[in-house]
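Below: one structure, written as structure tokens.
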Amino acid sequence: MKKFKMMTILLATVLIVVPRLCPAQEEVLKVGEIQVTAPREKESIVVAPSTTTINVEDYKMPGTPQNVTDILKDRAIIDFRGQSDLVPSNDTIQMRGFGGKRFVTAIDGLIIEKSGFGYSNYAVDYALLSPGHLEKIEIMPGPHSALYPGQSIGGVINLITRSPKRAVSLKPNVNVTADYKSYNTQNYSADVDGGIDSFSYGFGFQNYYTDGYLRHNKTEVNTFYGRMGWLFPSEGYIDLSGSYTDQDREMAVNNDISINDYDSDYPIVTVASYDPWQMPTRDKKGYSFRLKGKQPTFIGLWSLGAYYNKENHDQFNLEYIDSKDPSKGVRRGSHARDVVWDQVGGKIQNEIKFSEDHTSTLGFDMVVAHSGRQVVSRHKRLDRKAAYLQHDWKITPSLTLTGGLRYEDVATWIHNRATDRSTGELLGYYNNAIQEDYIERNFNEFVPKSFLAWRLDDISPALRDTSLSLGVSKIWHAPTSGMDMHGNGLPGFHVEPEHGIGYDLIFIRRLWRNINLKVDFAFYEIKDYIAYNNREYAEYIPGPTNPVPPGLEYKDARINLDKVTRHGVELELGGYILNNLSFYMTYAYQKFENKGSELVAKEELDDRAKHRINAGLRYNPFENTLLMLDYKYQSKQVAYNSEEVATDEWVFYSIPMDAYHLFDFGVEQILFRKYGFIRDGTLKFYVNNFLDEEYENSRGYPMTDRTFGAVLRFGF
């Protein structure tokens, strides 16, 4: 805590004293930025050394996105791992092979973060993130930004909401979209944006419904969002926004051909947690209120952000009163629970441009998260405070160094009270040496970051429109997520933070016309990698036949692997071949290796595809007609399970998930530009999984077969 106070005092001194040496500026230096776009559209994708930006409104795809994952899935660096591609859920994507606890999803630079509760990480529910109020999506691979917390090992997905704009007319812009496709899947939305001089407003609604293609998987999601903002005479602004989502979701159940109630109308599933008679559901209501603002002053460009989120999560299932005698009837299941998460967070930041060659960014961010459920009272689970300093130095006209330092002070509370799930009655303590309801753990660290970008244009005419960049940054990740510290009844009392170093070597080159290539070679070395230890390997999990000395309970329920390395390559290629023909292609390769001898590492680091390819064509045969063809490939994934064949002798057996090739096709036709008071009437037809490929993204859950859809969109 002393370190944190010293860092805060240092930042405050710099914020007050140093900016007086220079006037404020708003521009941020961008090195090697390249725009990848079809000529008939605005810039839909912008590629820079450290960031790929997707402009949401201009992004064209077959179908209509229900949430941001439907857009992100077109990037090979993003691996969709959901049980269903029709039903949105929690933590359904990986980034660079890392799950939600090792990459960051943020809104306007503020991380979306929950501490989890007992049975899952539940970091991000993407069903709550409708793209309707978003302007851009920034994808930043790697741990090289000091502006984001230590869990950004795989990188950052930053969702940027619309900002206030000065109104040129009192007439609001209204857009309406209706999308219907197979399995009674419906996606309706309406957005309104307008303003009066310096005051702006916006609000919208989205309704998504699907019968699902898995058994017992109907889902309906209703989302409302709105905002209002003011532009200041100084060109600063303040913006207030809010959203509310009501989600009703049935959970997919087993549909096994060997059981009596097998239903041939649905695919075979044998790995689900529940059977049909248990009727499991997972409903949720989510609220979010956010504030963001910017103000240029004589001491720099100030930015402010704050938010409050709350989610009410109701999970229900049935179970037999007596599993040996089903005739006694059923009751609410022991796994059914009502959980509430709430978080409050904020950030204040100042960007100071000393000269054309020197720009500094200083800031402070924080988040406090609570959770509770019907038999456990609400309690603080996470308290993270951080201060950061980042400086851009233009060493030469072609060479720019971005150096950063972040200090984090993290406290987390591990649930230690064992209770009866039905009554809340105290049954004991997980750690008998500390007989308190929660055990507090504290972590803190200074984390340096660096990123060097070099434009090669001046070296030779042959290197025009070419850049080379190198990121070298420390990795430090405190164990604060639900699965790390208090998941599945196996608390992580003894795990320590992950630490290491991450490297990215990035090459960008304009090949021809506006066809651009970006290649990123990445290498990570992570020590003390946190892993969930298989019960079969653990020695300190208490049980009737396994007494454990007080204080050592669950010592190896979660462990730190000695050292893990990751090798990766990511490629982005895109532009237009002809004036009416554009394309994109992304490729990702990755390989994880454990350098220690821990048995569980093989299971912890498996089940990741080594190769992923996403590609697409956009062709305008006529002025108002657009043809879209998308392709996705994923190589075979192999999971490993273990079996002890003799004392301390283990045999691993593999469970492959086959490679697949997917094609999606769409035709978009602009019907009219203006028809009475209606404008931009557009009709789109599309086919997903055109070749009817059989494949899985989450083991044991088949994805949809060939589906057909139509979209009608217009404005007024």
Side-chain angles (χ1 to χ4, degrees), residues 66-69 80-93 99-100 105 112 114-130 183-185 206-223 243-255 266-267 269 271-288 309-319 330-343 371-376 421-422 481-483 486-489 697-701 703:
Q66 188 278 327
N67 60 72
V68 297
T69 60
F80 177 72
R81 303 304 301 272
Q83 296 176 358
S84 166
D85 50 354
L86 292 182
V87 177
S89 187
N90 304 279
D91 302 322
T92 52
I93 61 174
T105 302
I112 301 171
K114 296 196 293 289
S115 59
F117 196 107
Y119 54 93
S120 184
N121 191 40
Y122 283 77
V124 181
D125 185 349
Y126 289 95
L128 307 182
L129 302 178
S130 168
Y183 297 102
N184 196 25
T185 301
Q206 181 183 31
N207 168 261
Y208 180 82
Y209 174 86
T210 181
D211 286 340
Y213 60 96
L214 299 176
R215 189 172 180 181
H216 194 74
N217 213 194
K218 291 181 181 179
T219 295
E220 183 170 13
V221 183
N222 289 295
T223 301
S243 67
Y244 167 75
T245 299
D246 187 349
Q247 176 185 182
D248 296 322
R249 181 160 69 95
E250 297 176 345
M251 299 171 63
V253 297
N254 289 314
N255 191 42
Y266 296 96
V269 173
V271 298
S273 300
Y274 300 98
D275 292 323
W277 64 269
Q278 295 183 273
M279 301 175 59
T281 60
R282 183 174 288 165
D283 301 334
K284 180 180 291 186
K285 292 179 173 61
Y287 312 78
S288 179
N309 294 335
K310 185 176 181 180
E311 295 180 20
N312 297 316
H313 172 112
D314 300 326
Q315 182 168 317
F316 174 83
N317 66 278
L318 296 173
E319 67 180 14
V330 296
R331 62 184 178 188
R332 179 183 172 96
S334 60
H335 291 283
R337 64 199 73 191
D338 302 327
V339 182
V340 178
W341 291 291
D342 63 89
Q343 314 88 41
S371 64
R373 64 186 189 208
Q374 70 269 29
V375 295
V376 179
R421 289 179 173 176
S422 301
S481 74
M483 287 304 288
H486 34 72
N488 295 332
N697 278 323
S698 181
R699 192 168 307 282
Y701 293 91
M703 293 289 107

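Numbers here are sequence positions counted from 1.
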Inset, instruction - Apply side chain to side chain donor-acceptor pair (under 3.5 Å) to Asn317 and list each qualifying residue two or more places apart in sequence or on a separate chain. - result: none
Inset, instruction - State the CG-OG1 distance between Leu86 and Thr185, to the nearest 0.5 angstrom. - result: 4.5 Å
Legend entry - Partners meeting salt bridge (Lys or Arg N to Asp or Glu O under 4.0 Å) with Asp342 (sequence neighbours left out): Arg378
Legend entry - Contacts of Arg215 that satisfy salt bridge (Lys or Arg N to Asp or Glu O under 4.0 Å) - sequence neighbours left out: none
Inset, instruction - Quick one: list whatever passes side chain to side chain donor-acceptor pair (under 3.5 Å) with Tyr183, sequence neighbours left out. - result: Asp705
Legend entry - Nearest-0.5 Å distance, CD of residue Glu250 to CE of residue Met279: 8.0 Å
Inset, instruction - Please tell me if the side chains of Pro88 and Gln66 come closer than 4.5 Å, counting only heavy atoms from C-beta onward. - result: yes
Legend entry - Check: Val124 and Asp91 side chains under 4.5 Å, non-hydrogen atoms: yes
Legend entry - Side chain Asp246, main chain Asn222, donor-acceptor under 3.5 Å: no
Inset, instruction - Just jot down the side chain to side chain contact (heavy atoms under 4.5 Å, CB included) partners of Asp85, sequence neighbours excluded, or say none. - result: Lys73, Phe80, Tyr213, Tyr695, Met703, Thr704
Legend entry - Val253 side chain near Met251 side chain, heavy-atom distance below 4.5 Å: no
Inset, instruction - Look at the side chain of Arg282 and the backbone N and O of Asp314, then say whether any donor-acceptor pair between them is shorter than 3.5 Å. - result: no
Inset, instruction - With sequence neighbours excluded, tell me which residues meet ring-ring contact (aromatic ring centres under 6.0 Å, His included) with Tyr209. - result: none
Inset, instruction - Check salt bridge (Lys or Arg N to Asp or Glu O under 4.0 Å) between Glu220 and all other residues, then give those that pass, not counting sequence neighbours. - result: none
Inset, instruction - Not counting sequence neighbours, which residues clear side chain to side chain donor-acceptor pair (under 3.5 Å) with Thr92? List them please. - result: none
Inset, instruction - Provide the closest heavy-atom pair for Ala252 versus Leu214 in the form atom of the first, atom of the second, distance. - result: CB-CD1, 3.9 Å
Inset, instruction - Look up atom OH in Tyr266 and atom CG in Asn217, then write down how far apart they are to the nearest 0.5 Å. - result: 9.5 Å
Legend entry - Plane angle bin for His313 and Trp341 - parallel if under 30°, tilted between 30 and 60°, otherwise perpendicular: perpendicular
Legend entry - Partners passing side chain to side chain contact (heavy atoms under 4.5 Å, CB included) against Gln247 (at least two apart in sequence or in another chain): Asp125, Ala127, Leu128, Val221, Arg249, Lys284
Legend entry - Flag side-chain contact, heavy atom, 4.5 Å: Thr210 against Val87: yes
Inset, instruction - Spell out, as yes or no, whether a donor-acceptor pair under 3.5 Å connects the side chain of Asn67 to the backbone of Leu129. - result: no
Inset, instruction - Please report the closest heavy-atom contact between Gly700 and Val271, naming both atoms and the distance. - result: CA-CG2, 3.6 Å
Inset, instruction - Report yes if some heavy atom in the side chain of Pro280 is under 4.5 Å from a heavy atom in the side chain of His216; otherwise report no. - result: yes
Legend entry - Residue list, side chain to side chain contact (heavy atoms under 4.5 Å, CB included) with Phe316, at least two apart or on another chain: Thr281, Leu318, Arg332
Inset, instruction - Work out which heavy atom in Ser288 is nearest to a heavy atom in Asn309; give both atom names and the distance. - result: OG-OD1, 2.7 Å
Legend entry - side chain to side chain donor-acceptor pair (under 3.5 Å) against Ser243, all qualifying residues, sequence neighbours excluded: none
